[in-house]
Visitor: 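Sharing a structure with you now.
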Number of protein chains: 2
Amino acid sequence: MSLADLPLSIRTVSERTGLSCHVIRVWEKRYSTVQPRRSRGNQRIYSDADVVRLQRLRRLTEQGHSIGKLAHLNDEQLNQLISDEGAQVARPTPTAERATVSQSTHEIITRALAAVQEMDLHRLESILEAAILEVGQIGLLGKVIGPLAENIGQEWRQGRLHAAHEHLATATIRTFLGKMVRPFALSPSAPLLVATTPAGQLHELGAALVAASASVLGWRVTYAGTSLPAEEISRIAQVQSARVVALSLIHPEDDPFIPQELARLRRLLPQKTALIAGGRAIRAYSAALAENQIQAVHDLEELGEVLDALRRPTPGTIEDLPTPTNE
Amino acid sequence: MSLADLPLSIRTVSERTGLSCHVIRVWEKRYSTVQPRRSRGNQRIYSDADVVRLQRLRRLTEQGHSIGKLAHLNDEQLNQLISDEGAQVARPTPTAERATVSQSTHEIITRALAAVQEMDLHRLESILEAAILEVGQIGLLGKVIGPLAENIGQEWRQGRLHAAHEHLATATIRTFLGKMVRPFALSPSAPLLVATTPAGQLHELGAALVAASASVLGWRVTYAGTSLPAEEISRIAQVQSARVVALSLIHPEDDPFIPQELARLRRLLPQKTALIAGGRAIRAYSAALAENQIQAVHDLEELGEVLDALRRPTPGTIEDLPTPTNE
DNA sequence: TCGAAGGTGTCAATGTTTTGTCCATGTATT
DNA sequence: AATACATGGACAAAACATTGACACCTTCGA
């Protein structure tokens with residue numbers, strides 16, 4: 001808006017939408033899907049709105065609608081269709097599609113691991129970047145980055161990767177996740193989540209992963225680093241009126257102080273602040289979690305459900321977010 | 001004054017932006033991307049702001065935008081494009097925190113500290129973001145973020161800030177610095193720097209600061225996280241053919257193992273790989289640094305000089321007279 | 001069941017525009 | 001004298017536009 005249309009080339013549009021240049025042009029010619037301006041040299045100049053429209057069209061065509069019928073609908077109608085689809089089609093994911101997805105995530109992870117092995121961080125980043133288009137932001141977090149981190153840890157413990165690999169990968173992924181968190185652009189009324197690890201837990205990727213996921217799901221997020229004592233976590237949660245505190249438990253699986261810390265944290269936090277915990281080590285501490293009404297979350301999918309549930313039943317009014325970000 | 005607004009030659013600009021001199025000139029001629037002053041002898045004289053602008057243009061062209069369309073946009077619009085680049089969904093940037101203009105670095109730091117005090121991370125980030133336009137990237141790193149980190153550490157040790165504040169600020173600044181590191185490869189011929197801290201040194205901001213600075217100065221950078229044993233650092237340096245390994249020494253000032261680690265590292269690294277060290281604790285280890293031909297760097301300005309000197313004497317030859325490029 | 005028709009994505013050929021690089025020549029700087 | 005820089009022109013590669021053709025699929029009628 002404020003700053004007029006930003007000029008996008010057809011190649012950029014192709015990359016952002018996942019449609020080939022050919023298709024974009026032929027759709028324009030046959031169905032007038034979008035009508036970009038032209039430069040003096042007759043090259044197409046697209047706007048952000050065009051990209052959004054094309055993304056929607058792509059999504060709908062992949063779900064079986066024919067482009068010929070979609071093309072003449074206006075943006076409103078497309079949006080309507082998408083939300084309908086989201087409600088219905090989300091569950092009965094055809095097994096075929098699921099298979100291809102896991103196929104592709106597996107392949108992505110393999111390639112990412114190879115990049116780590118060769119210490120080619122730039123390539124690692126490119127792979128992750130490109131994967132967003134294939135599996136979506138949430139898919140990337142839950143089905144690529146999560147397993148990837150797990151994998152690297154495993155390889156490291158088994159001596160097939162060195163500490164150097166693990167450090168490099170962690171630093172790179174941490175930076176990547178940092179970029180995914182949108183610090184702005186959310187209405188101040190969105191609920192807030194604090195992501196961190198309790199004192200003694202040094203591994204930061206889990207917390208960063210939760211932070212990124214929550215951000216993508218429309219939460220405001222405060223990422224607080226690792227190894228924080230209960231008082232400090234509580235301080236943050238209270239100053240920021242957090243609705244949820246998310247803890248990541250990964251490495252020391254037998255730290256005798258963790259149960260104490262969890263109990264103290266529960267005591268220090270106001271009752272309306274929910275506590276959730278995830279990470280490989282949650283099983284080891286399951287007793288302490290149960291005692292302190294800390295909800296265990298086993299994967300990012302479950303995190304999404306839990307956050308959805310926690311989103312509404314709390315204080316004040318119903319959310320008034322203008323547009324639920326597509327995806 | 002100082003490093004931030006020295007007159008820059010086209011060659012220096014070329015090194016810092018990764019664009020060839022040819023391209024810089026031809027962009028100027030065809031699109032008026034920047035219009036540098038001229039010296040008496042008609043040579044181009046660039047400012048730090050020009051470098052920032054060119055870096056952004058380069059980044060955007062690499063992402064698929066065409067220079068012909070970008071060149072006429074103003075700084076504001078470029079800025080927006082860049083931030084949109086990260087988040088897939090295009091959104092209007094909020095106009096928050098835009099009012100104040102032209103602050104001294106001291107004022108900026110004060111306001112940033114206040115934001116930390118109030119745990120308003122969004123504001124902290126906005127302040128830093130806005131400061132780029134006011135003091136340039138290098139100025140931001142050397143005169144704002146560096147002192148700010150120092151300040152926060154001090155306040156914390158003196159009990160005026162809690163660990164929570166320090167953690168939040170560290171995480172936020174770390175993310176911010178991560179975004180400043182060029183996500184793409186410069187000319188593959190650009191020299192490479194590895195930034196990390198030796199085993200036992202846990203504070204990561206120093207290393208991240210060095211990484212960001214070197215990146216802005218036109219180096220390819222590998223950020224390797226904290227607390228790495230000498231073997232691992234050496235492994236990375238060799239796989240990547242690093243020209244420089246930069247170590248940050250901050251917190252434990254009396255770790256007896258550090259001198260050993262430094263000696264081992266010097267032994268493990270090829271002779272052509274330079275070692276430099278910075279951070280508050282370098283004085284405490286000065287003997288060990290001297291013994292192992294590790295150059296001590298006291299501030300980011302000095303870092304700039306040292307890197308410029310290390311840039312050219314590529315292979316083989318002994319380093320000759322330190323000729324600071326920036327006249 | 002078969003074949004025709006229409007819808008859809010991909011490709012090849014050809015010409016134009018855009019953009020990065022290079023060369024030659026002249027001037028300034030060291 | 002040896003670099004480093006400026007300028008203009010030339011050139012080549014990459015990206016884009018346009019047209020027409022083709023292969024694959026679904027649908028529908030014979």
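Within every chain, numbering begins at 1; the chains are lettered A, B, ... in the order of the sequence lines, protein sequences first and strands thereafter.
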Visitor: Could you state the CD1-C1' distance from Ile24(A) to dC16(D), rounded to the nearest angstrom?
Guide: 12 Å
Visitor: Would you tell me if any nitrogen or oxygen in the side chain of Asn42(A) comes within less than 4.0 Å of OP1 or OP2 on dT18(D)?
Guide: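 For Asn42(A), the contact criterion (side-chain N or O under 4.0 Å from OP1 or OP2 of dT18(D)) is met.
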Visitor: Rounded to the Å, how far apart are His65(A) NE2 and dT8(C) P?
Guide: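 After rounding, the gap between these two atoms is 13 Å.
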Visitor: Would Glu28(B) and Arg38(B) pass as an ion pair if we require N to O under 4.0 Å?
Guide: yes
Visitor: Salt bridge check: are Lys143(A) and Glu107(A) linked by an N-O gap of less than 4.0 Å?
Guide: no
Visitor: Would you say a side-chain N or O of Arg44(B) is under 4.0 Å from OP1 or OP2 of dT7(D)?
Guide: yes
Visitor: Arg38(B) has an atom CZ; how far is it from atom P of dT27(C), in whole Å?
Guide: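 Roughly 16 Å, once rounded to whole Å.
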Visitor: Could you tell me whether the phosphate oxygens of dT8(C), OP1 or OP2, come under 4.0 Å of any side-chain nitrogen or oxygen in Ser66(A)?
Guide: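 For dT8(C), OP1 or OP2 has a side-chain N or O of Ser66(A) closer than 4.0 Å.
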Visitor: To the nearest 0.5 Å, how far apart are CG in Leu128(A) and CG in Leu141(A)?
Guide: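 Going from the CG atom of Leu128(A) to the CG atom of Leu141(A) covers 10.0 Å.
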Visitor: Would you indicate, yes or no, if dC16(D) has its OP1 or OP2 atom less than 4.0 angstrom from a side-chain nitrogen or oxygen of Ser9(A)?
Guide: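 So the side-chain polar atoms of Ser9(A) do come within 4.0 Å of the phosphate oxygens OP1 or OP2 of dC16(D), strictly under.
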Visitor: For the pair made of CD in Glu15(B) and P in dA4(D), what is the distance, rounded to whole Å?
Guide: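 Between P of dA4(D) and CD of Glu15(B): 11 Å.
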Visitor: When rounded to the nearest 0.5 angstrom, what is the spacing between CH2 in Trp219(B) and CZ in Arg16(B)?
Guide: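 One gets 12.5 Å once the value is rounded to the nearest 0.5 Å.
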Visitor: Between Ile10(A) (CD1) and dT18(C) (C1'), how many Å, whole number?
Guide: 15 Å
Visitor: Please indicate whether Arg40(A) has more than 12 foreign heavy atoms, meaning atoms of other residues, nucleotides or ligands, lying under 6.0 Å from its CZ.
Guide: no
Visitor: To the nearest Å, how far apart are Arg11(B) CZ and dA6(D) P?
Guide: 13 Å
Visitor: May I ask you to evaluate whether Tyr31(B) reaches the phosphate of dT18(C), defined as a side-chain N or O under 4.0 Å from OP1 or OP2?
Guide: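 No.
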Visitor: Which nucleotide sits closest to the side chain of Ile67(B): dT19(C), dC5(D), dC16(D)?
Guide: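 Looking only at side-chain atoms, Ile67(B) lies closest to dT19(C).
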Visitor: Identify whether the distance between the nearest side-chain nitrogen and carboxylate oxygen of Glu129(B) and Lys179(B) falls below 4.0 Å.
Guide: no
Visitor: Could you give the CD1-to-C1' distance, from Ile45(A) to dT17(C), as a whole number of Å?
Guide: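 The answer, rounded to whole Å, is 13 Å.
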Visitor: Between dA6(D), dC11(C), dG20(C), which nucleotide has the shortest distance from any of its atoms to the side chain of His22(A)?
Guide: dC11(C)
Visitor: Can you see if the side chain of Trp27(A) gets near the phosphate of dG9(C) - specifically, an N or O under 4.0 Å from OP1 or OP2?
Guide: yes
Visitor: With DNA chain C as reference, determine whether Lys69(B) or Arg40(B) sits nearer its 5' end, using the nearest nucleotide of each.
Guide: Lys69(B)
Visitor: For dA28(C), take OP1 and OP2 only and decide whether either is under 4.0 Å from a side-chain N or O of Ser39(B).
Guide: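 Looking at the OP1 and OP2 atoms of dA28(C), neither is under 4.0 Å from any side-chain N or O of Ser39(B).
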Visitor: Name the closest nucleotide to the Gln43(A) side chain, picking from dA17(D), dA6(D), dT19(C).
Guide: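 My answer, after comparing the listed nucleotides, is dA17(D).
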Visitor: Is Arg30(B) close enough to dT21(C) that one of its side-chain N or O atoms is under 4.0 Å from OP1 or OP2 there?
Guide: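 The answer is no; no side-chain N or O of Arg30(B) sits under 4.0 Å from OP1 or OP2.
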Visitor: For Arg25(B), report the nucleic acid contact type (base, sugar-phosphate, nothing); a contact means any heavy atom under 4.0 Å.
Guide: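 Result for Arg25(B) = base.
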Visitor: Using the closest heavy atom to pick a nucleotide of DNA chain D for each, name whichever of Cys21(A) or Val26(A) lands nearer the 5' end.
Guide: Cys21(A)
Visitor: dT19(C) P sits how many Å from Arg58(B) CZ, rounded?
Guide: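 Roughly 16 Å, once rounded to whole Å.
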